[in-house]
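To keep things clear, I will list the structure first and then write my remarks on it.
Throughout, protein chains are lettered first and strands after them, A, B, ... in sequence-line order, and every chain is numbered starting at 1.
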Number of protein chains: 2
Amino acid sequence: MNRVCRAIAEPTRRRIIDELALRDRQSLFEIYARVVSEHGIGHSRQAFSRHLSVLEDVGIIEMAWQGTTKLHSLNTAPLARLLDGWLSRFEEP
Amino acid sequence: MNRVCRAIAEPTRRRIIDELALRDRQSLFEIYARVVSEHGIGHSRQAFSRHLSVLEDVGIIEMAWQGTTKLHSLNTAPLARLLDGWLSRFEEP
DNA sequence: TGCCTATGCAACAATCTTGTTGCATAGTGC
DNA sequence: GCACTATGCAACAAGATTGTTGCATAGGCA
């Protein structure tokens, strides 16, 4: 839970999640190009690579190799667990 | 949102929130004594003071002076906003 | 006044985070 | 084999976080 919270506490990582929610199974370069062009985030490819690693570590993203490209898919289970866990009691009616 | 996520990404801070959810308007020393004794967290008073500052900064805690003691109360609105905002779309049925 | 209580602030260290650059690796196709 | 594409890894720097210790302040009470 600590790590899931930290993972989504980063705007760029939320953009990546948004992008994968729109279109699953994208490569690092696809995500990089789309997020940078649409939101004008001026970071390097490696910065994105690390963000993807963070998201993979906490299980929000799942990876599958296809030749030399690695396809990234969203797994919303950790986010659903976050909503359903400790946080849920602060829901408003 | 970034800051609220970071704020609750800390176990000790969540314990503080839990403690204030049980009993509102507690002083620093009350919170400190209860959380340490109940959860065996071996941190100093100043560490708690800083955690309380972080929670105040993001609006989860509100403060009111009463003589020399500062009473801390919970404001769940930022947490409710978190649940209702970007995160909400990942809710499971 | 002098002491006790409750708190804040400043300085410091250790660790984590986030970004960069440069190089390495591993398929793919000519 | 050679270049191109897609990615990973290591080293480094800047800044934030989290903790500590020591001292300061401000109100309450004998």
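Mapping A/Glu10 and B/Gln26 onto DNA chain C by nearest heavy atom places B/Gln26 closer to the 5' end of the strand. Nearest-nucleotide mapping onto DNA chain C: of A/Ala9 and B/Ser53, the residue sitting toward the 5' end is B/Ser53.
As a whole-Å value, the separation of B/Trp65 CH2 from D/dG27 P is 10 Å. As a whole-Å value, the separation of A/Asn2 CG from D/dT18 C1' is 14 Å. Taking atom CD1 of A/Ile41 as the reference point, atom C1' of C/dG19 lies 14 Å away to the nearest angstrom. Residue B/Glu56 contributes atom CD, which lies 12 Å from atom C1' of C/dG8 at whole-angstrom precision. When the P atom of C/dT5 is taken as reference, atom CZ of B/Phe29 falls 9 Å away, rounded to whole Å. Across the protein-nucleic acid pair, B/Lys70 atom NZ and D/dA26 atom P stand 14 Å apart, rounded to whole Å. Atom CZ in A/Arg6 sits roughly 7 Å away from atom C1' in C/dC16 (whole-Å rounding). Protein atom OH of B/Tyr32 is 12 Å distant from nucleotide atom P of D/dG19, rounded to whole Å.
Residue A/Arg13 is in sugar-phosphate contact alone, with no base atom involved, counting any heavy-atom pair closer than 4.0 Å across all strands shown. Among the atoms of the strands shown, only primed sugar atoms or phosphate atoms (P, OP1, OP2) are found under 4.0 Å from some heavy atom of B/Ser27.
Picking from D/dG8, D/dA11, C/dG8 the nucleotide with the shortest atom distance to the side chain of A/Arg50 gives D/dA11.
Judged by distance alone, the side chain of B/His39 and the main-chain N or O of B/Ser37 form no donor-acceptor pair under 3.5 Å. Judged purely by atom type and a 3.5 angstrom limit, B/Gln26 uses its side chain to pair as donor or acceptor with the backbone of B/Arg23. Within the 3.5 Å criterion, the main-chain N or O of A/Ser27 finds a donor-acceptor partner in the side chain of A/Glu30.
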**Prompt:** Should B/Phe48 and B/Val36 be marked as a side chain to side chain contact (heavy atoms under 4.5 Å, CB included) after you check the CA-CA gap, both sets of side-chain angles, and the distance that decides it?
**Reply:** CA-CA 10 Å; B/Phe48 273 73; B/Val36 166; 4.0 Å; yes
**Item:** Intermediate values then yes/no, side chain to side chain contact (heavy atoms under 4.5 Å, CB included), B/His51 and B/Glu10
**Value:** CA-CA 9 Å; B/His51 282 311; B/Glu10 251 284 338; 3.8 Å; yes
**Request:** Take A/Arg89 and B/Asp18 through the test salt bridge (Lys or Arg N to Asp or Glu O under 4.0 Å) and record every step on the way to the result.
**Result:** CA-CA 11 Å; A/Arg89 101 173 90 144; B/Asp18 288 342; 2.7 Å; yes
**Message:** One character per nucleotide, please: for nucleotides 22-30 of chain C, 5' to 3', B when the base has a protein heavy atom closer than 4.0 Å, S when only the sugar-phosphate does, - otherwise.
**Reply:** B----S---
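Within the 4.0 Å cut-off from OP1 or OP2 of D/dT17, not a single side-chain nitrogen or oxygen of B/His51 is found. B/Ser49 has no side-chain polar atom (N or O) that falls below the 4.0 Å cut-off from OP1 or OP2 of C/dT7. Contact check, A/Ser44 against C/dT20: a side-chain N or O comes under 4.0 Å of OP1 or OP2.
Taking the side chain as every heavy atom from C-beta outward, B/Asn2 and A/Arg14 approach each other to under 4.5 Å.
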